[in-house]
Amino acid sequence: MPNVRAGFGAPEIESALVALRVVHDESEAQAEARLAREGLDDVLDDPRVLNELLAGDGGAGDGPPLALLLYVAARHALLEGGVDDRVLSDYVAALLVDYGRGERGPCVEDDGCRHSYLTDLLAQIQASSGHREFLLQAHMGDVALWLTGVFPDRVTMRVQRRGAPGMDYFQSLGAAGYRAAARSRVAAAHGLDDVLHRCGRLFPAVRTSLNRISDRYIFPRAPDPIERLLRQTGDSAPAP
C-alpha cells in the first residue's frame, strides 16, 4: 500500500523542521511558518532538504526516521528520472520499507511459501484466482522491482556468469504482474488500480530510479562502467 506519507507524524515533522532551519538559516518559528505556508510535500520536494536529512540528525541525535528518508529518496530519484508522481513515490517507499525488513520478498502474506524464482510465482498465479491471484500478481511486480532496482549488479553478474535472464526478462514479468494486478477487482476495491497500472507502465523508469537509490545510499561505491552498461540493457525498452 502507498501509505508511508500517511504515517508521518511528530518525528517526521520535527526532522523536516530541523532540515528547513539549516537550509534557510531560520529560527524555529520561521521554519514552522514556512512549513505551514508551503506544506510538507513541497518542503520535502526541495533537494536541499533531502541533502540535509541525509546529513543531519533530525533533531534527535539518531538520524531522521527511516520511512521519511526512504520516501524522500524515492521521490527525488523518480523526479530525477522525469516521474512526478507522489503516490508512486509513496508506493516505492513502502516497498523499500517492507522488503527491507528481511524476509518479506520471498513470501505472500504469511503462508510460509518460498518463491526463489519468478517462474515459481507464475506457476502459483496460474493455479490461483480471486484475492490470492491478485496478491501473487502484485507480488511478482514487487519482487521484480526489488531485485532489479536494489540489486541490479547482482542481476547483471548472474547474466555474465550463468547466462541467467537479464533486465528485460525481469522488467517484462514485473510490468505484466503489475498490469494484471491493476485489472483485478481487488485492486479497484482497495484503490490500488491506478498506482499498480502506473507501476506496470513506468516499470523501467521506476527501476532505474531505484538503481539511483541503491548506488548512492545502500551500496555506495565507485561505479563499474561495464556493470552500469550491462544493467542498462532494458532501460529504453517500453514495458510490454
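Because the structure is a prediction, the values reported are computed rather than measured. The figures here come from the full heavy-atom set of this structure, side chains too, leaving out hydrogens, waters and symmetry mates.
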Leu53 and Ser15 have their tightest heavy-atom pair at CD2-O, 3.7 Å
Closest heavy-atom pair, Tyr217 versus Ala73, reported as atoms and distance to 0.1 Å, is CE1-CB, 4.1 Å
Any non-hydrogen side-chain atom of Phe8 less than 4.5 Å from a side-chain atom of Ile13?
no
Mutual orientation of the aromatic rings belonging to Tyr99 and Trp146 [parallel < 30°, tilted 30-60°, perpendicular > 60°]
tilted
Establish whether Leu79 and Val87 are linked, either directly or via other cluster members, by ILVMFWY side-chain heavy-atom contacts under 4.5 Å.
no
Which donor-acceptor pairs under 3.5 Å do the side chains of residues 21-30 make with protein atoms, sequence neighbours left out?
unit_1, atom_1, unit_2, atom_2, d
Glu26, OE1, Arg34, NE, 3.2
Glu26, OE2, Arg34, NE, 3.0
Glu26, OE2, Arg34, NH2, 2.6
Ser27, OG, Gln30, N, 3.1
Ser27, OG, Gln30, OE1, 3.3
Gln30, OE1, Ser27, N, 2.8

Applying side-chain hydrogen bond (donor to acceptor under 3.5 Å, both in side chains), name anything that partners Arg86, two or more places apart in sequence or on another chain.
Asp42, Asp45
Are any of the side-chain heavy atoms of Leu44 and Leu68 separated by less than 4.5 Å?
yes
Closest heavy-atom pair and its distance - Leu20, Ala31
CD1-O, 3.8 Å
Run the salt-bridge test on Asp41 and Arg75 with the 4.0 Å N-O cut-off and return the result as yes or no.
no
Does the Gln126 side chain pair with the main chain of Ala123, one donor and one acceptor, at a distance under 3.5 Å?
no
Between Ser214 and Gly149, which heavy-atom pair has the shortest distance, and what is it?
CB-O, 3.7 Å
Check Val92, Leu88, Leu192, Leu95 against Pro2 for a side-chain contact (heavy atoms from CB on, under 4.5 Å) and give me the one that passes.
Leu192
Does the pair Leu17 and Leu35 meet the rule for a side chain to side chain contact (heavy atoms under 4.5 Å, CB included), with working shown?
CA-CA 7 Å; Leu17 285 171; Leu35 180 61; 3.7 Å; yes
Compare every heavy atom of Pro65 with every heavy atom of Pro11, then report the nearest pair and how far apart it is.
CB-CG, 3.8 Å
Qualifying side-chain hydrogen bond (donor to acceptor under 3.5 Å, both in side chains) pairs with a residue from residues 183-197, counting only residues at least two apart or across chains
none
Please report the interatomic distance CG(Asp85) to CG(Leu202), rounded to the nearest 0.5 Å.
7.5 Å
Using 0.5 Å steps for rounding, measure from the CZ atom of Arg207 to the OG1 atom of Thr148.
5.5 Å
Evaluate the ring planes of Tyr178 and Tyr91, with Trp represented by its six-membered ring, and classify them as parallel (under 30°), tilted (30 to 60°) or perpendicular (over 60°).
perpendicular
Just how far is it from atom CG of Asp84 to atom OG of Ser89, taken to the nearest 0.5 Å?
8.0 Å
Please round to the nearest 0.5 Å and tell me the distance separating atom CG of Leu78 and atom CG of Asp90.
11.0 Å
Check Tyr71 against Val4 and note the closest heavy-atom contact, atom names and distance.
CB-CG1, 4.1 Å
Taking C-beta and beyond as the side chain, do Leu96 and Val150 meet within less than 4.5 Å on heavy atoms?
yes
Distance from Ile125 atom CD1 to Arg132 atom CZ, nearest 0.5 Å?
10.0 Å
Check whether any side-chain heavy atom of Arg212 sits under 4.5 Å from a side-chain heavy atom of His76, and report yes or no.
no
Do the side chains of Arg198 and Arg201 get nearer than 4.5 Å, heavy atoms only?
yes
Inter-residue atom distance His131.NE2 - Ser129.OG, 0.5 Å rounding:
12.0 Å
Keeping Ser172 on the side-chain end and Asp168 on the backbone end, is there a donor-acceptor pair under 3.5 Å?
no
Is the backbone N or O of Gly177 less than 3.5 Å from a side-chain atom of His139, with the two atoms forming a donor-acceptor pair by type?
no
